[in-house]
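Reviewing the structure listed below.
Chain letters run A, B, ... following the sequence lines, proteins first and then strands; every chain starts at 1.
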Amino acid sequence: MSLNEAVAQRLSEMSKLLELLGENQFKAIAHSRAARVVESLADSVESMDKPALVALDGIGDKIADKILEFCASASKGSPHIAEHEKMLKQVPPGLLEILDIPGLGPKTVRAMWQELKITDKVSLKKAIDSGSLLKLPRMGEKAVEKIKSGLALGEEATRRIAIGLALPMAERIADELRAIKGVQRVEIAGSLRRGRETIADIDLLVQTADAPGVAPKLRSSAKSKATTSKSKSDEPHPVIEAFCSLPDVRDVISKGPTRASVRAVINLHSGRWKGGGPDEHPKEPTMQVDVRVIPDRSFGAALMYFTGSKDHNVALRQRALAQEQTLNEYGLFPEDEEETPPQDRGISPIASKTEAEIYKALGLPYIPPELREHPADIAEFQKAGKVPKLVDLADIKCDLHAHTTDSDGRMSMRELVENALKRGFHTIAVTDHSKSSAIANGLSPERLRDQIKTIRALNKALKSEGLDIRVLAGSEVDILADGSLDFDDELLAELDIVVASPHAALSQDPATATKRLLKAISHPLVHIIGHPTGRLINRRHGLDPAMDELITAAKEHRTALEINAHWMRLDLRDVHVRAATRAGALIAIDCDDHESSDFDNLRFGISTARRGMLTPDQCVNAWPREKLLAWLKSKGR
DNA sequence: GCCGTTTTCGGCCCGACTGTTTTCAGTCG
């Protein structure tokens, strides 16, 4: 765990402890917000002083002191925050686990603790079995059943799933929804649309002509004066019913007129990394899927609302209030003193149909979903009057990191070329492993020399066939533990492209890792640093180098840092791409192809790049061939 | 605890759904 993650974890836990202690809820919210801010920082908090911390949106005087206290004590080998320790002594630690059970919040858990002396999952189970749990206010049979199934779900309920598993699942369900009668449009929202590397739940929006446009509760309360039975408008929409009975749905968590939440089965991949592997998933892993039915006229407002992020939404709503308007998932409305929401009083929205018109009405340029994370960005976009033109899938014209059957790939060189042609690439690089990667059948110097000859001949053949594609002779050369490279300079100089990557010694301490990677970045023959940290999402933390130093060196030496597009890697990660983009360093987005389907991972690399605000001019894969070749040749001279 | 195009004090986004209630608190996103 990096220092930032450790600080974020403490702050987030402090937020929960504050809630359980019944303290001011806004104080708790402030702590969890500060945790999110620290988590998404590119630089280590270690390198920041108090003014730098306080300058961050969401971190003030008090929390800055706590972060500094943590850093100072960490350097002495006993990282802690005194206030956090103090609260931990007041709250039984088992309560935090109970708080993670879906459907249980701070009020209920606090009541369990205070009234029934429940302190952990064991005493909770006892209270369920003895029936004493029912003594709590607002606690009935159904609530108890819900807690029981929540207990059975265990950690699964809170685990975040890699985007590479969640997106195909969301797309499959979206297709199934599109097949339902009356459905006009289905969109994926939430963190999937923002392209985050891991996903907690899938949000889907369905547009139908007959979706209710006003709050059902209001209508029902009006009608319930006449009758106590459920009115027709309280019944779930037919699309909601159809969704809840899809074959992959295991549990219906909630189901109302316009929305439903279910747990549905995740299909694991069978490829190189078996989708997390059996050790990390229960036998039939599930994740939560939320569906909401929306009418055409408020689709933009709903899409915006359910795309988030939460912090982005809150900031937009505050903006709306500042200009005497109110923003909800039905649209942007003029603000007044009435208690009934504007959409329920027949008031026309100022904007609601598309996201673009809502941003415009708020005096903002359109903000792409990938950039809807940090509220502080909004003011910047407004000041500039525009958002940078982010790199897009269509901008990518080459892949500079790919393997063949010569090492551990499953494609022949010809198959590699066919895949590249299919995607309209002008260039594809063959970068098989170097000799130290024995397990990946790394090439010896002799075999690499042979491969170079093969590639030269292939280029001639392709030209004579009239195919406009260039195959680059390259290597994914190991960066050894001390930062030296796995092939000597003489051999590397014969190559068109050198991708240098760390594969072993991935638990080095940060200082050693920084030195190691700096050595590779400044090597005159290295063009790209492949998967710079070697992390695997949900599986291996990888190296934790001083990223600001790496970025500075990468800019100086015009060495590109790779975004490895495989969804298990996404390395560099988004916040580091952002820092690199800001600093003006070059970025490569490569698929590290081992089989044909790996080319399809490019979209995940693109999401990460966009979240890092990468523009085409800083992305070497978006350059025309001549510019790319000139850059490759410029190194080593 | 944080924050300020009205504020250095007094606010802090807004609605759906559930399960328990006779009108709403708690949880979630």
Output a table of nitrogen or oxygen pairs between the protein and nucleotides 27-29 of chain B separated by less than 3.5 Å.
| from | atom 1 | to | atom 2 | distance (Å) |
| --- | --- | --- | --- | --- |
| B:dT27 | OP1 | A:G105 | N | 2.8 |
| B:dT27 | OP1 | A:G105 | O | 2.9 |
| B:dT27 | OP1 | A:T108 | N | 3.0 |
| B:dT27 | OP1 | A:T108 | OG1 | 2.5 |
| B:dT27 | OP2 | A:K107 | N | 3.3 |
| B:dT27 | O5' | A:G105 | N | 3.4 |
| B:dC28 | OP1 | A:G103 | N | 2.8 |
| B:dG29 | N2 | A:Y305 | OH | 2.3 |

Taking N or O atoms only and anything under 3.5 Å, show me the protein contacts with nucleotides 4-6 of chain B, one pair per line.
none

Nucleotides 7-11 of chain B: which of its N/O atoms have a protein N/O under 3.5 Å away?
none

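With sequence neighbours left out, the side chain to side chain donor-acceptor pair (under 3.5 Å) criterion links A:D201 to no other residue. For A:E357, the side chain to side chain contact (heavy atoms under 4.5 Å, CB included) partners two or more places apart in sequence, or in a different chain, are A:A351, A:K353, A:T354. Looking at residues two or more places apart in sequence or on another chain, you find no side chain to side chain donor-acceptor pair (under 3.5 Å) involving A:D43. A search for ring pair (Phe, Tyr, Trp, His ring centres under 6.0 Å) contacts involving A:Y366 returns A:Y359, not counting sequence neighbours. In this structure A:Q184 satisfies the side chain to side chain donor-acceptor pair (under 3.5 Å) test together with A:Q207, sequence neighbours excluded. Considering only residues two or more places apart in sequence or on other chains, A:S32 meets the side chain to side chain donor-acceptor pair (under 3.5 Å) condition with none of them.
Remark: nothing in residues 354-381 of chain A comes within less than 4.0 Å of DNA chain B through any heavy atom. Contacts with DNA chain B (heavy atom under 4.0 Å) in residues 115-127 of chain A: none are found.
Listed by first and then second residue, the salt bridge (Lys or Arg N to Asp or Glu O under 4.0 Å) pairs that reach into residues 4-17 of chain A are A:K16-A:D100, sequence neighbours excluded.
Nearest nucleotide to the side chain of A:H31, out of B:dG1, B:dC12, B:dT20: B:dG1.
Remark: B:dC28 base-pairs with B:dG15. Criterion, Watson-Crick or G-U wobble with two distances under 3.5 Å.
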